[in-house]
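Here the structure is laid out as structure tokens; the discussion comes afterwards.
Chain naming here is simple, since letters A, B, ... match the order of the sequence lines and numbering starts at 1 in each.
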Amino acid sequence: MPELPEVQTITSDLKKYFENSTIDDVKISGEYNVYPDRKFFLAHTKNVQISSINRIAKNIVFELENGYFMVFHLAMTGRLLIRALNQKPDKWTKITFTLKKNNKSVEVRFCDMRMFGKAVLYSKEELEKMKQKYGPEAHKGSIDAKEFAHRLNSKRTTIKNALLDQSIISGLGNIYATDSLFLARIHPETKTQNIDTKSAAKLLEAAKLILNEGIEHRGSTLEDAMYVDAFGKPGTHQNYFRIYGKKTCINCSGKVSVKKINGRGTYFCSFCQILLEGTKKPPVL
DNA sequence: ATGTTTGTTCCGAT
DNA sequence: CATCGGAACAAACA
């Protein structure tokens, strides 16, 4: 579910309350798997203070004062919910943390319906290794158009697929990638090798704008209401989608096309979004 | 019953 | 050998 704006929203909610608080208890439900394993995870999170809470790509990272990093990836249906003690159980709860700050205790519950998410305890070295998997974050000015074009040109796939590849650029998921391509007026099936610096610049600008809007709107909650923030509240960016889930193009009023690209539902306007062609080789005479 | 779904990783094919 | 695409992971809903 969550893409960068959703993860950022949850991270900032947690950051506000739980930096410098103590993890008094950790309960893992049933046979739920944590990493590297349950025993190690519990041994190094119980009775440990949280130094800081930050986001890396789509991961929520709790830095612990014992030198370890407790990292959550929410994948499609993960949630981290702040709840009062003994508040009625949440569906799909996999881990319950009891956190104490200024002598007041609350729970943070990690829930995950489809269980694609993960809770992992990393050492400093392992965290650094994990960081290195990710390309620059799309919503920051940390990559320029020339470098972005260069990264894209080295791949042989479609631009839509490349935007979802977190090693090229991180933060975009299916929804924000779809909307970014629409805003940049680039056809999702454009080959990455045909993206020139000018198109890369347009695309970067679009992604940056859309991700920052998403953060501003505290994420996107679809009809299934799977994504909610740390307080259980939905975001509002779904009210600002450009083309994702739409039937009619907001620009030309034409019919929006829907197509699976690398297995992901992709919405685009075949009139407004241009398929960039490679330079044709001249015929050999 | 079948086809969807916000993400990522692994495996087989190229 | 590196890279790419599709399957798989699992659960709920229309």
Does [N] have OP1 or OP2 under 4.0 Å away from a side-chain N or O of [X]?
{"X": "Lys155(A)", "N": "dT3(C)", "value": "no"}
{"X": "Trp92(A)", "N": "dA10(C)", "value": "no"}
{"X": "His73(A)", "N": "dT8(B)", "value": "yes"}
{"X": "Gln166(A)", "N": "dG7(B)", "value": "no"}

Once you round it to whole Å, what is the distance between [atom2] of [N] and [atom1] of [X]?
{"X": "Arg79(A)", "N": "dT6(B)", "atom1": "CZ", "atom2": "P", "result": "16 Å"}
{"X": "Leu163(A)", "N": "dG7(B)", "atom1": "CG", "atom2": "P", "result": "12 Å"}
{"X": "Leu152(A)", "N": "dT3(C)", "atom1": "CG", "atom2": "P", "result": "15 Å"}
{"X": "Met76(A)", "N": "dA11(C)", "atom1": "CE", "atom2": "P", "result": "14 Å"}
{"X": "Gln193(A)", "N": "dT3(C)", "atom1": "CD", "atom2": "C1'", "result": "12 Å"}
{"X": "Leu222(A)", "N": "dG7(B)", "atom1": "CG", "atom2": "P", "result": "10 Å"}
{"X": "Met130(A)", "N": "dT9(B)", "atom1": "CE", "atom2": "P", "result": "10 Å"}
{"X": "Leu164(A)", "N": "dT3(C)", "atom1": "CG", "atom2": "P", "result": "19 Å"}

Tell me if a side-chain donor or acceptor on Asp112(A) pairs with a main-chain N or O of Gly117(A) at a distance below 3.5 Å. yes
Between the main-chain N or O of Phe148(A) and the side-chain N or O of Asp144(A), is there a donor-acceptor pair closer than 3.5 Å? no
Qualifying salt bridge (charged side-chain N to carboxylate O under 4.0 Å, His left out) pairs with a residue from [range], counting only residues at least two apart or across chains:
{"range": "residues 8-19 of chain A", "answer": "Asp13(A)-Arg218(A), Lys15(A)-Glu19(A)"}
{"range": "residues 183-202 of chain A", "answer": "Glu189(A)-Lys259(A)"}
{"range": "residues 162-172 of chain A", "answer": "none"}

Suppose you measure atom [atom1] in [N] against the same atom in [M]; what distance do you get, rounded to whole Å?
{"N": "dT2(B)", "M": "dA8(C)", "atom1": "P", "answer": "16 Å"}
{"N": "dA10(C)", "M": "dC11(B)", "atom1": "P", "answer": "15 Å"}
{"N": "dG6(C)", "M": "dT4(B)", "atom1": "P", "answer": "14 Å"}

My validator wants the stems of DNA chain B: runs of 3 or more consecutive Watson-Crick or G-U pairs, both distances under 3.5 Å, written as range with range. B:2-5 with C:11-14, B:7-14 with C:2-9
Does Glu147(A) have more than 12 heavy atoms from other residues, nucleotides or ligands lying within 6.0 Å of its CD? yes
Counting heavy atoms not belonging to Arg156(A), are there more than 12 under 6.0 Å from its CZ? no
Give every pair of a protein N or O atom and an N or O atom of nucleotides 5-8 of chain C that lie under 3.5 Å apart, one pair per line with the distance.
from, atom 1, to, atom 2, distance (Å)
dG5(C), OP2, Thr157(A), OG1, 2.8
dG5(C), OP2, Asn161(A), ND2, 3.1

Under 4.0 Å between any heavy atoms, over every strand shown, what does [X] touch: base, sugar-phosphate, or nothing? Just pick one.
{"X": "Gly265(A)", "answer": "sugar-phosphate"}
{"X": "Lys260(A)", "answer": "sugar-phosphate"}
{"X": "Tyr244(A)", "answer": "sugar-phosphate"}

Would you call the rings of Tyr244(A) and Phe241(A) parallel, tilted or perpendicular, taking 30° and 60° as the class edges? perpendicular
Considering only residues two or more places apart or on different chains, which pairs with a residue in residues 13-38 of chain A satisfy ring-ring contact (aromatic ring centres under 6.0 Å, His included)? Tyr17(A)-Phe231(A)
Just to verify, what does Glu205(A) make a salt bridge (Lys or Arg N to Asp or Glu O under 4.0 Å) with, not counting sequence neighbours? none
Which residues within residues 167-190 of chain A lie with some heavy atom under 4.0 Å of an atom in DNA chain B? Gly173(A), Asn174(A), Ile175(A)
Does any residue of residues 110-119 of chain A have a heavy atom under 4.0 Å from DNA chain B, and if so, which ones, in number order? Arg114(A), Phe116(A)
Looking at side-chain heavy atoms only, is the closest gap between Ile23(A) and Asn47(A) below 4.5 Å? no
Exercise answer: donor-acceptor pairs, residues 62-76 of chain A side-chain atoms, under 3.5 Å, sequence neighbours excluded:
from, atom 1, to, atom 2, distance (Å)
Glu63(A), OE1, Ser52(A), OG, 2.7
Glu65(A), OE2, Gln49(A), N, 3.2
Asn66(A), OD1, Tyr68(A), N, 3.0
Asn66(A), ND2, His44(A), O, 2.9
His73(A), ND1, Ala75(A), N, 2.9

Ionic contact status for Arg83(A) with Asp90(A), cut-off 4.0 Å: yes
Atom pairs and distances, side-chain donor-acceptor, residues 169-177 of chain A, under 3.5 Å, sequence neighbours left out:
from, atom 1, to, atom 2, distance (Å)
Ser170(A), OG, Gly135(A), O, 3.0
Asn174(A), OD1, Lys160(A), NZ, 2.6
Asn174(A), ND2, Gly265(A), O, 3.0
Tyr176(A), OH, Glu6(A), OE2, 2.7
Tyr176(A), OH, Ser220(A), OG, 2.7

Run the ring-ring contact (aromatic ring centres under 6.0 Å, His included) test against Phe41(A) and tell me which residues pass, sequence neighbours left out. none
